[in-house]
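First up is the structure itself, then whatever we jot down about it.
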Amino acid sequence: MWGSCHPQSDEDMRECAEIGKSLSRLSQPTILCLLAQSDEPLHGYVIVQQAAYSPMFGGKKPDATGIYRALKRMEEAELVTSEWDTPESGSAKRLFMLTEKGRRCLRRWIDALACYSLTLQEMRVCASTALGIDVPPTPVCSHAAIDYSEAKDPNAQED
């Protein structure tokens with residue numbers, strides 16, 4: 001049996017993509033949250049790594065290409081800005097920062113996510129009714145006990 005919130009394998013995802021929180025639109029609030037929580041601009045690679053520990057991805061590394069595409073769309077929409085970090089050694093990398101428009105967008109996501117939650121519960125009732133079964137109890141998610149306001153990237157260096 002697959003996990004209610006997170007697929008246990010790639011095979012589970014192929015069987016029923018809905019179990020993987022695969023709603024690509026939810027990458028945006030994830031990225032906005034990470035940037036809003038950071039005191040400094042973040043490299044795209046760091047965003048990908050930290051996103052894995054967000055409620056959206058629950059410990060599984062997201063597709064980096066999808067995150068970079070979302071960052072590009074968000075920059076085009078002026079939700080984030082970026083600049084090149086060109087160290088003396090190594091390759092140049094983009095640093096991303098949240099704009100004021102991005103902060104307003106994240107605030108709107110708070111309400112949008114509440115509406116999604118209500119809609120999803122209504123859909124659970126509809127699906128259960130269609131199958132002639134009682135609505136199953138809301139699953140207990142493995143990430144529900146994590147305080148994401150204090151969650152840190154396990155690869156981050158301590159000062």
Side-chain angles (χ1 to χ4, degrees), residues 2-10 12-13 16-87 90-124 138-159:
W2 48 267
S4 300
C5 294
H6 302 291
Q8 301 301 307
S9 67
D10 289 339
D12 283 346
M13 271 296 283
C16 189
E18 291 73 24
I19 66 173
K21 296 185 183 178
S22 59
L23 300 173
S24 61
R25 291 188 61 193
L26 294 182
S27 293
Q28 186 183 80
T30 298
I31 294 168
L32 291 171
C33 284
L34 293 171
L35 291 171
Q37 291 171 349
S38 179
D39 294 331
E40 54 191 41
L42 297 176
H43 288 259
Y45 173 80
V46 171
I47 293 170
V48 170
Q49 296 301 311
Q50 289 182 358
Y53 300 97
S54 72
M56 178 62 191
F57 296 100
K60 187 168 180 169
K61 185 179 172 191
D63 173 51
T65 303
I67 297 293
Y68 283 109
R69 282 187 189 132
L71 283 163
K72 181 176 173 54
R73 285 190 308 271
M74 291 167 64
E75 189 165 22
E76 289 169 354
E78 300 177 348
L79 303 178
V80 301
T81 59
S82 70
E83 59 186 39
W84 284 102
D85 177 19
T86 53
S91 59
K93 299 175 184 159
R94 289 185 94 61
L95 287 169
F96 294 89
M97 297 141 288
L98 188 63
T99 64
E100 190 54 41
K101 186 175 180 181
R103 285 186 184 284
R104 289 191 308 269
C105 181
L106 182 55
R107 172 58 187 94
R108 286 191 308 273
W109 267 108
I110 294 169
D111 294 333
L113 291 168
C115 290
Y116 283 177
S117 180
L118 293 171
T119 300
L120 292 172
Q121 183 56 30
E122 290 171 1
M123 290 175 71
R124 291 181 79 233
T138 302
V140 176
C141 299
S142 59
H143 67 273
I146 297 172
D147 179 359
Y148 287 99
S149 67
E150 301 198 14
K152 295 189 178 179
D153 179 357
N155 299 318
Q157 299 291 323
E158 293 287 325
D159 289 330

Quick one: list whatever passes side chain to side chain contact (heavy atoms under 4.5 Å, CB included) with Glu76, sequence neighbours left out.
Lys72
4.5 Å side-chain heavy-atom contact, Ser38 and Phe96
no
When rounded to the nearest 0.5 angstrom, what distance separates CD in Glu83 from CG in Leu95?
6.0 Å
Using the rule given for side chain to side chain contact (heavy atoms under 4.5 Å, CB included), can you reason through Gln50 versus Leu42, listing the C-alpha separation, both sets of side-chain angles and the distance that settles it, and then say yes or no?
CA-CA 10 Å; Gln50 289 182 358; Leu42 297 176; 3.9 Å; yes
Going by heavy atoms in the side chains, are Tyr116 and Thr119 under 4.5 Å from each other?
no
For the CD1 atom of Ile31 and the CD1 atom of Ile67, what is their distance to the nearest 0.5 Å?
4.0 Å
Under the side-chain hydrogen bond (donor to acceptor under 3.5 Å, both in side chains) test, which residues partner Ser82, sequence neighbours left out?
Glu75, Arg94
With rounding to the nearest 0.5 Å, note down the distance linking CG in Leu98 to CG in Leu34.
10.5 Å
Could you tell me which residues satisfy side chain to side chain contact (heavy atoms under 4.5 Å, CB included) with Pro29, sequence neighbours excluded, listed by chain and number?
Leu26, Trp109
For Thr86, give me all partners under side chain to side chain contact (heavy atoms under 4.5 Å, CB included), at least two apart in sequence or on another chain.
Trp84, Ala92
Test of understanding: with side-chain hydrogen bond (donor to acceptor under 3.5 Å, both in side chains), list the residues that count as partners of Arg69, not counting sequence neighbours.
none
Minimal heavy-atom distance between Leu106 and Cys33, with the atoms involved, is CD1-SG, 3.8 Å
Holding to side-chain hydrogen bond (donor to acceptor under 3.5 Å, both in side chains), I want the full list of residues that pass it with Glu78, two or more places apart in sequence or in another chain.
none
Only pairs at least two apart or in different chains count here, so list each salt bridge (charged side-chain N to carboxylate O under 4.0 Å, His left out) that has a residue in residues 99-122.
Arg107-Asp111
Quick one: side chain to side chain contact (heavy atoms under 4.5 Å, CB included) partners of Tyr45, sequence neighbours excluded?
Gln49, Tyr68
So, using side-chain hydrogen bond (donor to acceptor under 3.5 Å, both in side chains) as the criterion, who are the partners of Asp63 when residues are at least two apart?
none
Pairs in or reaching into residues 31-52: which pass salt bridge (charged side-chain N to carboxylate O under 4.0 Å, His left out), with residues at least two apart or in two chains?
none
With rounding to the nearest 0.5 angstrom, report the CD to CG distance, Gln28 to Leu79.
5.5 Å
Does the side chain of Val80 reach to within under 4.5 Å of the side chain of Met97, using non-hydrogen atoms?
no
For residues Thr30 and Ala51, report the shortest heavy-atom separation together with the two atoms involved.
CG2-CB, 4.1 Å
